[in-house]
Colleague: 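My questions all concern the structure below.
Letters A, B, ... mirror the listed sequences (proteins, then strands); counts begin at 1.
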Amino acid sequence: MQEYLKQQIAGALRKIAPELDIPEITIQKPRSPEHGDAATNVALTLAKALKQNPRSIAEKIAGNIDVSTGYIKGVEVAGPGFINFRFAGNWLSDKLSGAHQAGKEFGRGRMLENKKIQVEFVSANPTGPLTVGHGRNAVLGDTIARVLQWAGADVQREYYFNNAGRQMRVLAESVRARYLQAIGQEAEFPEGGYEGAYITDIAEKVKEQHGNSLLGEEHLPVFRQAAEEGIFEDIRKTLARMNIAMDSFFNENTLYEDGSIDKVIATLRDKDLIYEEDGATWFKTTSFGKDKDTVLIKSTGEPTYRLPDIAYHINKLERGFDLALDIFGADHIATYPDVVSAVRACGYDSDRIDVIVYQFVTIVKDGKPFKMSTRKANFVTLDELMDEVGADVTRFFFLMRAPGTHLEFDLNEAKQAGEKNPVFYLQYAHARIQSIMKKVRDTYDFSGKTPDFGLLVHDSEVTLVKRILELPEVIQLTAGQREPHKLIQYLNELATAFHKFYHDCRILGEDEPLALARTELLTVTATVLANGLGILGISAPDKM
RNA sequence: GCGCCCGUAGCUCAACCGGAUAGAGCAACUGCCUUCUAAGCAGUAGGUUACAGGUUCGAGUCCUGUCGGGCGUACCA
């Protein structure tokens, strides 16, 4: 429809001002329904070039729009020079039939067809259970992956982790200390060790398996491995509970084993971007506009996390992804430019890397900000949150707001917020429709009959139809901007349109043709709700 | 100090890369269930978009400065 309107306007412009280059014509959906179904501001943007007042340009364009095809019902000039279009009923019913026939596939797009996209998210090291702090990352990543799939992309979900490093050593030492305590030995708990109760649980398991046989310090790897396995098992369970399934787990260690870390250093050295100072190896980030150079290998010989990060992103590109998306918290924002510079310096197309930065969730407990620390066991886990409010509300909560805004989460109100969470508004609409469907099936026999959507002329019906038809566009928009809250907003509007319809129009008791048209209208509505909720990873219940 | 993000109704947040009268939910107030689920519908109230300038037909949105918050600015991840 947009294309059709653009052609019409371009045609009109050629008649009015043949010598003019046709500009980019933007069509937008007016905020207020009084302004029609679509509008353009071309007259305003052309006012200067044509040296005429926008209003009269608009009048001329409007006068040259062909309304005889039957898809456009009205063309008006309004305000300072907007041109508003109204769609005709037969256009709506044609499109609705299309949506009806598309069935469960309605809304799928081809924008990203044949694109291989990787979304990397969660990527928490296995040092403890996933907390509500990880929740926003996990849910955003998974939902963006889902919407990209709906836009036609071939998507892989990857979880990147590091099981070597200092963190893991401290973790192993913490487990060992608990183990020694459990078998009655004196053991000093390591400084800065992990204090959580889950450490003791892991130690208990090690004790069950190995008894008292792990006294010596040389057994530390056993504790490390037990911790990693136990914690990863929990993480996977938590993710599964949230409706998230990773396609692959990528161990940072791979990058050391296959030599890609060394290769990065060698390549950057060839480009004269590496130097040694104070026993450390530095990357000349100043030549990319930073005010300081960056250490890649510490004087201890241990690389900083930035180095494997670079190698990892090169690895992604070598695996052939058209796009590698990272989901990052605000704390990682500073490293991203370094990675991009290095990847580009190594001769790769860094445009294929993109990052989504979300702002931190501020946890509020008892009216005060609550600082979480995995080490100090000061945290609220996602499992605890889901115990309280369930997986649907948990997902919805993290998706409701734009990733770029700070999000405040009041734990004391979490449950209460759960009970009146707007997610129920959407789910209720779906359940309500299913309930009607059941009654309709008991009352009418529509088998083999085709609905005549032209019968849907009530205001509430027309509004609902228009909403339904927006789904494909909203999915494209959400996928393009990677902002799931736009889909939520749309589903809210759709649900509102449905509830209004429910209030104004009935099915039971109506003549069969109208009842049939309305029933099938609701079939499509339910499909849109289910598809939308599906993209959000939230259930669409038949009963509530 | 410097860099990035943010500041919109009492609260939590929208506003489709500059468009028309800045919108929802929660909280408050008023109506609507003998009829397909009242987890709903209809209505009232709530705003100098932190502040001050600038750019233009037009600014919550863009540029400059100020104030306030978050995160970076580590040979931590």
Side-chain angles (χ1 to χ4, degrees), chain A residues 26 28-32 34-35 39 41 44-45 47-48 53-54 78-82 84 123-125 127 162 165-167 277-282 289-292 294-306 309 329-337 357-360 362 369 397 400-402 404-410 413 416-417 419-429 431-440 442-443 473-474 477-478 480-481 483 485-486 488-490 492-493 495-496 498-510 518-519 522 543-544:
Chain A
T26 57
Q28 49 187 318
K29 190 177 158 303
R31 262 205 271 258
S32 157
E34 290 162 35
H35 298 132
N41 62 348
L44 295 167
T45 57
K48 205 166 236 178
N53 93 54
F82 291 97
N84 297 333
S123 298
N125 286 337
T127 59
N162 169 15
R166 200 175 59 87
Q167 275 185 66
E277 193 176 288
D278 301 330
T281 303
W282 296 75
K290 279 205 127 181
D291 52 0
K292 272 183 199 160
T294 306
V295 171
L296 290 185
I297 302 177
K298 301 184 235 174
S299 53
T300 58
E302 231 175 340
T304 63
Y305 69 99
R306 243 170 259 243
D309 249 20
D331 56 340
H332 280 70
I333 185 65
T335 87
Y336 171 71
V357 178
Y358 61 90
Q359 294 299 313
F360 272 149
T362 309
F397 180 84
M400 263 164 61
R401 282 89 191 219
T405 58
H406 298 283
L407 196 154
E408 198 159 295
F409 192 147
D410 193 322
E413 285 176 15
Q416 204 188 348
E419 282 163 2
K420 55 196 167 201
N421 195 290
V423 71
F424 296 133
Y425 185 71
L426 307 183
Q427 294 181 318
Y428 181 58
R432 228 180 188 184
I433 292 173
Q434 299 313 319
S435 164
I436 295 169
M437 290 308 191
K438 201 168 160 245
K439 293 219 159 91
V440 167
D442 294 343
T443 314
E473 189 187 319
V474 171
L477 179 75
T478 306
Q481 305 200 351
E483 294 193 333
H485 74 281
K486 302 210 158 141
I488 289 188
Q489 211 178 331
Y490 163 74
N492 255 310
E493 287 164 353
T496 300
F498 160 70
H499 286 306
K500 176 97 169 99
F501 163 86
Y502 175 88
H503 190 259
D504 294 344
C505 306
R506 297 182 57 81
I507 293 177
L508 264 41
E510 295 292 345
R518 285 180 173 170
T519 300
L522 290 195
K543 250 190 245 174
M544 281 177 79

Colleague: Classify the nucleic acid contact of A/E302 as base, sugar-phosphate or nothing, counting any heavy atom under 4.0 Å across all strands shown.
Modeller: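 Nothing, no heavy atom under 4.0 Å.
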
Colleague: With sugar-phosphate meaning primed atoms plus P, OP1 and OP2, does A/H35 contact a base, only sugar-phosphate, or nothing at under 4.0 Å between heavy atoms?
Modeller: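 Touches a base.
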
Colleague: Within a strict 4.5 Å, meaning less than it, do heavy atoms of the A/V423 and A/F397 side chains meet?
Modeller: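 Not touching, per the 4.5 Å side-chain cut-off.
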
Colleague: Among B/C4, B/C75, B/C36, which nucleotide has an atom closest to any side-chain atom of A/D278?
Modeller: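 The listed nucleotide nearest to A/D278's side chain is B/C75.
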
Colleague: To the nearest angstrom, how far is A/M544 atom CE from B/U37 atom C1'?
Modeller: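 Spelled out: CE on A/M544 to C1' on B/U37 is 10 Å.
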
Colleague: Quick one: A/I488 CD1 to B/A24 C1', roughly how many Å, whole number?
Modeller: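 From A/I488 CD1 to B/A24 C1': 13 Å.
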
Colleague: Say we look at B/A22 and B/U35: how far apart would their P atoms be, to the nearest angstrom?
Modeller: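 Looking at atom P only, B/A22 and B/U35 are 41 Å apart.
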
Colleague: Rounded to whole Å, please give me the gap between CE in A/M437 and P in B/U37.
Modeller: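 Atom-to-atom, A/M437 to B/U37, this comes out as 12 Å.
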
Colleague: Base, sugar-phosphate, or nothing: which does A/Y305 touch, judged by heavy atoms less than 4.0 Å apart?
Modeller: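 A/Y305: base contact, heavy atoms under 4.0 Å.
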
Colleague: A side-chain contact here means heavy atoms from C-beta on lying under 4.5 Å apart; do A/H35 and A/F82 qualify?
Modeller: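 Heavy-atom side-chain distance check fails, nothing below 4.5 Å.
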
Colleague: Can you give one letter per nucleotide of nucleotides 11-18 of chain B, going 5' to 3': B for a protein heavy atom under 4.0 Å from the base, S for sugar-phosphate only, - for none?
Modeller: -BSSSB--

Colleague: Just to be sure I follow the notation: if a pair is Watson-Crick (purine N1 to pyrimidine N3 plus N6-O4 or O6-N4) or a G-U wobble (N1-O2 and O6-N3), each under 3.5 Å, what dot-bracket string does RNA chain B give, with | for pairs to another strand?
Modeller: (((((.(..((((.....[...)))).(((((.......))))).....(((((..]....)))))).)))))....

Colleague: Could you give the distance separating B/A27 and B/A9 at their C1' atoms, to the nearest angstrom?
Modeller: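 It comes out at 12 Å once rounded to the nearest Å.
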
Colleague: Pick the nucleotide of RNA chain B nearest each of A/D331 and A/E34; which residue has the one closer to the 5' end?
Modeller: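 Upstream on the strand: A/E34.
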
Colleague: Under 4.0 Å, counting only non-hydrogen atoms across every strand here, what does A/K290 touch: a base, just sugar-phosphate, or nothing?
Modeller: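 The answer is nothing, as A/K290 stays clear of every strand by at least 4.0 Å.
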
Colleague: Do A/K486 and A/Q481 pass the side-chain hydrogen bond (donor to acceptor under 3.5 Å, both in side chains) test, and can you show the C-alpha distance, the side-chain angles, and the key distance before you say yes or no?
Modeller: CA-CA 9 Å; A/K486 302 210 158 141; A/Q481 305 200 351; 2.3 Å; yes

Colleague: For atom P, what is the distance between B/C71 and B/C6, given to the nearest Å?
Modeller: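 16 Å, rounded to whole Å.
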
Colleague: On the nucleotide B/A38, are OP1 or OP2 found under 4.0 Å from the side-chain N or O atoms that A/Y502 carries?
Modeller: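 Yes.
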
Colleague: If the P atom of B/G70 is compared with that of B/G7, how far apart are they to the nearest Å?
Modeller: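 Result for the P pair: 15 Å, nearest Å.
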
Colleague: OP1 or OP2 of B/U37 versus the side-chain N and O atoms of A/K439: is any pair under 4.0 Å?
Modeller: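 Affirmative; the distance criterion is met.
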
Colleague: Give a yes/no answer on whether the side chain of A/S435 brings an N or O atom under 4.0 Å of OP1 or OP2 in B/U37.
Modeller: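 The answer is yes; a side-chain N or O of A/S435 sits under 4.0 Å from OP1 or OP2.
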
Colleague: Hey, are the side chains of A/P80 and A/L44 touching, using non-hydrogen atoms and a 4.5 Å cut-off?
Modeller: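 Answer yes - side chains close enough.
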
Colleague: Tell me which nucleotide among B/G72, B/A42, B/G19 gets nearest to the side chain of A/F82.
Modeller: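 Looking only at heavy atoms from C-beta outward on A/F82, the closest nucleotide is B/G19.
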
Colleague: On RNA chain B, check which nucleotide each of A/P303 and A/R432 is closest to and give me the residue with the more 5' one.
Modeller: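 Checking each residue's closest nucleotide, the 5'-ward one belongs to A/R432.
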
Colleague: Which atoms form the tightest heavy-atom contact between A/R306 and A/K290, and what is the distance?
Modeller: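 Heavy-atom minimum between the residues: NH1-NZ, 4.1 Å.
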
Colleague: Could you walk me through whether A/D278 and A/S299 satisfy the side-chain hydrogen bond (donor to acceptor under 3.5 Å, both in side chains) test, starting with their C-alpha distance in whole Å, then the side-chain angles of each, then the deciding distance to 0.1 Å, before giving a yes or no?
Modeller: CA-CA 7 Å; A/D278 301 330; A/S299 53; over 6 Å; no

Colleague: In whole Å, measure the gap between the P atoms of B/C5 and B/G10 for me.
Modeller: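 Comparing P positions in B/C5 and B/G10 gives a spacing of 28 Å.
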
Colleague: Could you tell me whether B/C51 is syn or anti, where syn means a glycosidic angle within 90 degrees of zero?
Modeller: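 Here B/C51 takes the anti form, which means its glycosidic angle is more than 90° from 0.
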
Colleague: Kindly say if A/K298 contacts the phosphate of B/A74, meaning a side-chain N or O under 4.0 Å from OP1 or OP2.
Modeller: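 Answer no for this pair, as no side-chain N or O of A/K298 is under 4.0 Å from OP1 or OP2.
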
Colleague: Rounded to whole Å, how long is the line connecting atom CD of A/Q359 with atom C1' of B/C4?
Modeller: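 That distance rounds to 9 Å.
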
Colleague: Atom CG of A/L44 to atom P of B/A59: distance rounded to whole Å?
Modeller: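 In whole Å, B/A59 P and A/L44 CG are 13 Å from each other.
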
Colleague: Could you tell me if the side chain of A/Y490 sits less than 4.5 Å from the side chain of A/L477, heavy atoms only?
Modeller: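 Counting from C-beta outward, A/L477 and A/Y490 never come under 4.5 Å.
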
Colleague: Hey, what do you get for CG (A/L522) to CD1 (A/I433), rounding to the nearest 0.5 Å?
Modeller: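 A/L522 CG to A/I433 CD1: 5.0 Å, rounded to 0.5 Å.
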
Colleague: Say we look at B/G47 and B/U37: how far apart would their P atoms be, to the nearest angstrom?
Modeller: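 Those two atoms are separated by 40 Å.
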
Colleague: Mind calculating the distance between CD (A/E510) and C1' (B/U35) to the nearest angstrom?
Modeller: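 Between C1' of B/U35 and CD of A/E510: 12 Å.
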
Colleague: Quick check for you: among B/C36, B/C75, B/U73, whose closest atom lies nearest to any side-chain atom of A/K292?
Modeller: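 Between B/C36, B/C75, B/U73, the one nearest the side chain of A/K292 would be B/U73.
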
Colleague: More than 12 non-hydrogen atoms from neighbouring residues, nucleotides or ligands closer than 6.0 Å to CD on A/E277, yes or no?
Modeller: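 More than 12 within 6.0 Å, yes.
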
Colleague: When rounded to the nearest Å, what value does the distance between P atoms of B/U48 and B/G23 take?
Modeller: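 It comes out at 15 Å once rounded to the nearest Å.
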
Colleague: Within the structure provided, determine whether A/T294 and A/W282 are in side-chain contact (heavy-atom separation under 4.5 Å).
Modeller: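 Not in contact.
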
Colleague: Give me the atom names and distance for the closest heavy-atom approach of A/T304 to A/V295.
Modeller: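 For A/T304 versus A/V295, the nearest heavy atoms are OG1-O, 3.0 Å.
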
Colleague: So what does A/N84 touch, heavy atoms closer than 4.0 Å: a base, only the sugar-phosphate, or nothing?
Modeller: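 The residue A/N84 makes base contact.
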
Colleague: Quantified in whole Å, what is the C1' atom distance between nucleotide B/G19 and nucleotide B/U56?
Modeller: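 It comes out at 12 Å once rounded to the nearest Å.
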
Colleague: Using 4.0 Å as the upper bound for N to carboxylate O, is an ion pair formed by A/D504 and A/K500?
Modeller: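 So A/K500 pairs with A/D504 through a salt bridge.
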
Colleague: How close or far is atom C1' of B/C36 from atom CD1 of A/I436, stated in whole angstroms?
Modeller: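 After rounding, the gap between these two atoms is 5 Å.
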
Colleague: In this structure, how many angstroms lie between the P atom of B/A77 and the CG atom of A/L296, rounded?
Modeller: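 My rounded result for the distance is 12 Å.
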
Colleague: Does A/Y428 contact B/A39 through a side-chain donor or acceptor facing the base, at a distance under 3.5 Å?
Modeller: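 Check fails, no donor-acceptor contact within cut-off.
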
